[in-house]
Visitor: 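Below you will find the structure I want to go over with you.
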Amino acid sequence: MFDFKESVVIVTGARGNLGLAVSRAFHQAEARLVLVDRSAERLTRLDAGPASEGQRMAQAIDVSDPASVRGMVEEVVGRFGQIDVLVNTVGGHQAGTPVHETPLEVWDRMLSLNARTAFIVSQAVILQMLRQGSGKIIHIAARPGLVGAANAAAYSASKSAVIRLTESLSAELRHSGINVNCVIPGTLDTPQNRQAMPNAEVGRWVAPESLADVILFLASAAARDIHGASIPVYGRS
């Protein structure tokens with residue numbers, strides 16, 4: 001549907017359920033892909049489809065580490081000369097206890113995994129996008145980021161931070177040709193969620209491939225006038 005043949009696309013969390021679906025979708029759209037994941041071993045097992053010579057990079061880094069992310073961005077620019085799209089799928093979920101029983105480590109982990117990573121990877125690509133006068137940044141938020149949920153304060157706060165970061169970035173960058181948006185998925189149909197909720201009506205959930213289609217739209221020229229949006233993709237959940 002969309003042609004990204006001339007585009008350089010960075011996908012963080014490329015070996016996760018959503019990251020893999022997004023990577024495959026951009027591969028099918030013929031993008032030059034930069035696949036980022038924490039584990040080199042996981043990246044070697046990544047099957048996003050066969051790549052033409054020079055059309056793909058794989059980077060095993062911790063995206064919560066600013067120096068590692070800056071180094072990755074410098075390498076991407078050195079090889080491809082541009083960065084057109086950043087899709088940041090890195091994140092995680094941990095909940096189940098009220099605030100007074102939640103260890104500080106859980107609070108810190110959620111803010112680091114969801115909000116800190118979004119801040120760091122955005123900051124790293126912005127200077128190149130400003131030089132180009134164009135770019136698309138897409139983050140993954142969550143419904144608990146819209147309204148706080150009981151027993152999920154750390155997760156809710158971290159995803160709310162992603163939404164507010166998206167809005168602030170958009171306000172800063174929209175006049176420079178850069179679109180910043182986020183998507184808010186409903187329950188994703190993943191092996192982990194099926195195991196955790198064996199009696200759920202999975203037909204109401206959102207397939208990662210469906211969410212990837214929305215992300216490709218936001219990364220395309222068709223979404224050129226969408227700025228600072230939080231796009232709900234709830235399926236029927």
Side-chain angles (χ1 to χ4, degrees), residues 9-29 31 33-49 51 56-65 68-69 72 76 85-95 106 109-122 124-125 136-145 152 154-155 158-159 161-163 165-166 181-197 200 202 205-216 218-219 231 233-235 237:
V9 179
I10 298 175
V11 180
T12 70
R15 192 57 183 84
N17 293 299
L18 178 57
L20 182 56
V22 169
S23 300
R24 287 172 172 164
F26 276 110
H27 168 74
Q28 292 168 3
L33 277 170
V34 180
L35 305 175
V36 179
D37 198 271
R38 182 174 51 190
S39 165
E41 181 184 357
R42 283 157 58 94
L43 281 171
T44 61
R45 299 198 304 266
L46 180 62
D47 178 21
R56 185 183 300 169
M57 283 177 60
Q59 290 277 304
I61 63 169
D62 177 0
V63 294
S64 68
D65 176 58
S68 297
V69 175
M72 178 270 293
V76 171
V85 180
L86 165 67
V87 183
N88 177 44
T89 76
V90 170
H93 176 269
Q94 189 170 353
V106 172
R109 181 173 185 270
M110 287 295 93
L111 287 173
S112 177
L113 191 56
N114 294 316
R116 176 185 170 94
T117 55
F119 179 87
I120 288 171
V121 295
S122 296
V125 302
K136 303 289 180 70
I137 297 174
I138 302 159
H139 291 299
I140 312 301
R143 266 196 278 196
Y155 181 69
S158 67
K159 287 298 188 179
V162 172
I163 296 171
L165 174 65
T166 297
N181 296 289
C182 67
V183 294
I184 304 178
T187 304
L188 287 178
D189 186 0
T190 66
Q192 294 89 341
N193 283 338
R194 286 188 176 224
Q195 183 176 6
M197 296 173 275
V202 298
W205 293 355
V206 178
E209 293 76 13
S210 177
L211 190 59
D213 287 342
V214 177
I215 290 169
L216 257 69
L218 289 173
I231 307 294
V233 188
Y234 295 163
S237 61

Visitor: Which heavy-atom pair separates Ala118 from Asn88 by the least distance, and what is that distance?
Guide: CA-ND2, 3.5 Å
Visitor: For the residue pair Met197 and Thr187, establish whether any side-chain heavy-atom pair is separated by less than 4.5 Å.
Guide: yes
Visitor: Nearest 0.5 Å, what's the CG-CG distance between Leu218 and Asp213?
Guide: 11.5 Å
Visitor: Taking all non-hydrogen atoms of both residues, which atom of Ile163 and which atom of Cys182 are closest, and how far apart?
Guide: CG1-SG, 4.2 Å
Visitor: Nearest 0.5 angstrom please: Arg38 CZ to Thr12 OG1, how far?
Guide: 12.0 Å
Visitor: Distance-only, no hydrogens or angles: does the Ser68 side chain make a donor-acceptor pair with backbone N or O of Asp62 under 3.5 Å?
Guide: no
Visitor: Starting at CG of Asn17, measure out to CG of Leu211 and round the result to the nearest 0.5 Å.
Guide: 11.5 Å
Visitor: So which heavy atom on Gln94 is nearest to which on Tyr155, and how close?
Guide: O-CB, 3.9 Å
Visitor: Going from CD1 on Ile10 to OG on Ser23, what distance comes out if it is rounded to the nearest 0.5 angstrom?
Guide: 12.0 Å
Visitor: Counting only N and O atoms by type, is there a donor-acceptor contact under 3.5 Å from the side chain of Lys159 to the main-chain atoms of Ile140?
Guide: yes
Visitor: If you round to the nearest 0.5 Å, how far is OG1 of Thr89 from CD1 of Ile138?
Guide: 11.5 Å
Visitor: Closest heavy-atom contact between Ala141 and Pro185?
Guide: O-CD, 3.4 Å
Visitor: Keeping Asn114 on the side-chain end and Gly92 on the backbone end, is there a donor-acceptor pair under 3.5 Å?
Guide: yes
Visitor: Just do the side chain to side chain contact (heavy atoms under 4.5 Å, CB included) check on Ile120 and Val63 with the steps written out, would you?
Guide: CA-CA 7 Å; Ile120 288 171; Val63 294; 5.9 Å; no
Visitor: Measuring from atom OG of Ser64 to atom CG of Leu111, what distance do you get when rounded to the nearest 0.5 angstrom?
Guide: 12.5 Å
Visitor: For the backbone of Phe119 and the side chain of Ser122, can you confirm whether one donor and one acceptor N or O come within less than 3.5 Å of each other?
Guide: no
Visitor: Tell me whether the count of non-hydrogen atoms from other residues, nucleotides or ligands lying under 6.0 Å of CD in Gln192 goes above 12.
Guide: yes
Visitor: Show your working on side chain to side chain contact (heavy atoms under 4.5 Å, CB included) between Arg56 and His27 and close with a plain yes or no.
Guide: CA-CA 9 Å; Arg56 185 183 300 169; His27 168 74; 3.5 Å; yes
Visitor: Quick check: closest heavy atoms across Val206 and Gly235, and the distance to 0.1 Å?
Guide: CG2-N, 3.4 Å
Visitor: Could you report the tightest heavy-atom contact between Ala95 and Ala152, atom names first, then the distance?
Guide: CB-CB, 3.8 Å
Visitor: For Tyr234, does its backbone N or O pair with a side-chain atom of Ser237 as donor and acceptor, under 3.5 Å?
Guide: yes
Visitor: Check whether any side-chain heavy atom of Arg15 lies under 4.5 Å from a side-chain heavy atom of Leu20, and answer yes or no.
Guide: yes
